[in-house]
Amino acid sequence: MVAYSFKKRFAEPILAGTKAQTIRANRKRHARPGELTHLFTGMRTKYCRRLGVSVCIEATPIRMDLRQGVVFCNDGWIRSQEDLDAFAVRDGFGCWDELVAFWAAEHPGIDEFDGMLIRWQPLDIAGAAA
């Protein structure tokens, strides 16, 4: 089982289907396309909440340069403000500037990032109760 935990603020966008991706640091094992992915908030706490189960549709390397406003992933270079905003919305933010502010607060001093972009199909909300 591959599971991802999210901050509480992302629960509603995930449940609404507007957040269908996550950016994660490299680790030994990420979800692979076709695998079930379990999405939670508050994992390993007494406030753990299962949001649902989905099928991973993409797991691809990503590089972000937040100072330059550039993202590179499987889709190619994302540079225009319109495309950066659309990318940020898919990640649960209102716009690129909101994503950058969140990143600065959560990862101070890290303006360049290499990791993985994980995307999933719409949630199986019935799986959230299991």
Side-chain angles (χ1 to χ4, degrees):
M1 174 177 100
V2 180
Y4 293 100
S5 186
F6 297 88
K7 293 193 173 293
K8 190 176 180 180
R9 70 171 281 182
F10 293 115
E12 290 311 313
I14 289 169
L15 292 171
T18 57
K19 179 173 173 60
Q21 70 181 32
T22 187
I23 301 164
R24 298 296 170 126
N26 290 316
R27 67 181 194 191
K28 186 175 180 179
R29 175 83 160 82
H30 276 290
R32 296 178 183 139
E35 287 186 321
L36 287 180
T37 303
H38 301 260
L39 308 175
F40 294 87
T41 60
M43 258 174 46
R44 298 185 183 95
T45 73
K46 67 180 183 179
Y47 304 105
C48 184
R49 176 180 169 207
R50 185 172 177 181
L51 300 173
V53 178
S54 183
V55 175
C56 175
I57 57 174
E58 183 179 5
T60 189
I62 186 170
R63 177 162 180 69
M64 298 191 309
D65 185 331
L66 300 165
R67 286 174 301 180
Q68 299 293 320
V70 176
V71 174
F72 182 80
C73 60
N74 200 32
D75 297 329
W77 290 100
I78 302 171
R79 294 184 176 162
S80 74
Q81 189 64 49
E82 181 180 343
D83 291 342
L84 290 168
D85 286 341
F87 175 84
V89 167
R90 286 191 305 272
D91 205 55
F93 297 94
C95 64
W96 175 253
D97 290 340
E98 191 179 312
L99 182 150
V100 171
F102 174 84
W103 189 271
E106 294 295 318
H107 310 283
I110 300 175
D111 297 324
E112 294 181 7
F113 174 79
D114 289 296
M116 292 295 290
L117 176 67
I118 312 298
R119 291 184 174 153
W120 57 84
Q121 291 179 345
L123 283 181
D124 172 7
I125 301 302

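Throughout, numbering of the chain's residues begins at 1 and tracks the sequence.
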Participant: Kindly write out the residues that satisfy ring pair (Phe, Tyr, Trp, His ring centres under 6.0 Å) with Phe87, not counting sequence neighbours, or none if the list is empty.
Facilitator: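 By the ring pair (Phe, Tyr, Trp, His ring centres under 6.0 Å) rule, Phe87 matches no residue at all.
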Participant: Phe102: what forms a ring pair (Phe, Tyr, Trp, His ring centres under 6.0 Å) with it, not counting sequence neighbours?
Facilitator: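 For Phe102 the ring pair (Phe, Tyr, Trp, His ring centres under 6.0 Å) partners, ignoring immediate neighbours, are Phe10, Phe93.
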Participant: Looking at residues at least two apart in the chain, or sitting in another chain, which of them share a salt bridge (Lys or Arg N to Asp or Glu O under 4.0 Å) with Asp114?
Facilitator: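 Per chain and number, Asp114 pairs via salt bridge (Lys or Arg N to Asp or Glu O under 4.0 Å) with Arg63.
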Participant: Among pairs that include at least one residue of residues 55-86, which meet ring-ring contact (aromatic ring centres under 6.0 Å, His included), considering only residues two or more places apart or in two chains?
Facilitator: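 The answer is Phe72-Trp77.
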Participant: Return the set of residues passing side-chain hydrogen bond (donor to acceptor under 3.5 Å, both in side chains) with Thr41 (not counting sequence neighbours), or none when no residue passes.
Facilitator: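 Scan of Thr41 (side-chain hydrogen bond (donor to acceptor under 3.5 Å, both in side chains), adjacent residues dropped) gives none.
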Participant: Where do Gly42 and Ser5 come nearest, in terms of heavy atoms and distance?
Facilitator: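 Scanning both residues, the minimum pair turns out to be N-OG, 3.5 Å.
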Participant: Would Val2 end up clustered with Trp120 when hydrophobic side chains under 4.5 Å apart are linked, directly or stepwise?
Facilitator: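 Per the 4.5 Å side-chain linkage, Val2 and Trp120 are co-clustered.
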Participant: So, Thr18 side chain and Pro13 main chain: donor-acceptor pair closer than 3.5 Å or not?
Facilitator: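 Checked: pair present.
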Participant: Just to verify, what does Arg44 make a salt bridge (Lys or Arg N to Asp or Glu O under 4.0 Å) with, not counting sequence neighbours?
Facilitator: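 Residues passing salt bridge (Lys or Arg N to Asp or Glu O under 4.0 Å) with Arg44: none at all.
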Participant: State which residues pass side-chain hydrogen bond (donor to acceptor under 3.5 Å, both in side chains) with Glu98; sequence neighbours excluded, sorted by chain then number.
Facilitator: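 Applying side-chain hydrogen bond (donor to acceptor under 3.5 Å, both in side chains) to Glu98 gives Arg9.
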Participant: Using a 4.5 Å cut-off on heavy atoms from C-beta on, say whether the side chain of Leu66 contacts that of Leu99.
Facilitator: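 SC-SC contact between Leu99 and Leu66 confirmed.
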Participant: What pairs of residues pass the ring-ring contact (aromatic ring centres under 6.0 Å, His included) test when at least one of them lies in residues 32-69, not counting sequence neighbours?
Facilitator: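 Not a single pair qualifies under ring-ring contact (aromatic ring centres under 6.0 Å, His included).
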Participant: Can you find a pair of side-chain heavy atoms, one from Leu51 and one from Tyr4, that are under 4.5 Å apart?
Facilitator: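 Contact flag for Leu51/Tyr4 side chains = no.
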Participant: Under the salt bridge (charged side-chain N to carboxylate O under 4.0 Å, His left out) definition, can you give me all pairs with a residue in residues 77-96, not counting sequence neighbours?
Facilitator: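 Sorted pair list: Lys19-Asp91.
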Participant: Of all the heavy-atom pairs spanning Thr22 and Arg24, show the shortest one and how long it is.
Facilitator: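 So the minimum-distance heavy-atom pair works out to OG1-NE, 2.8 Å.
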Participant: Which residues pass the side-chain hydrogen bond (donor to acceptor under 3.5 Å, both in side chains) test with Arg32, sequence neighbours left out?
Facilitator: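 Arg32: no side-chain hydrogen bond (donor to acceptor under 3.5 Å, both in side chains) contacts found.
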Participant: Quick one: list whatever passes ring pair (Phe, Tyr, Trp, His ring centres under 6.0 Å) with Trp103, sequence neighbours left out.
Facilitator: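 Trp103: ring pair (Phe, Tyr, Trp, His ring centres under 6.0 Å) contacts with His107, Phe113.
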Participant: Could you work out, with salt bridge (Lys or Arg N to Asp or Glu O under 4.0 Å) as the rule, every residue matching Asp111, not counting sequence neighbours?
Facilitator: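 With neighbours one apart ignored, the set is Arg67.
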Participant: Evaluate Val55 against Thr37 for side-chain contact (heavy atoms from CB on, under 4.5 Å), listing each step before the verdict.
Facilitator: CA-CA 6 Å; Val55 175; Thr37 303; over 6 Å; no
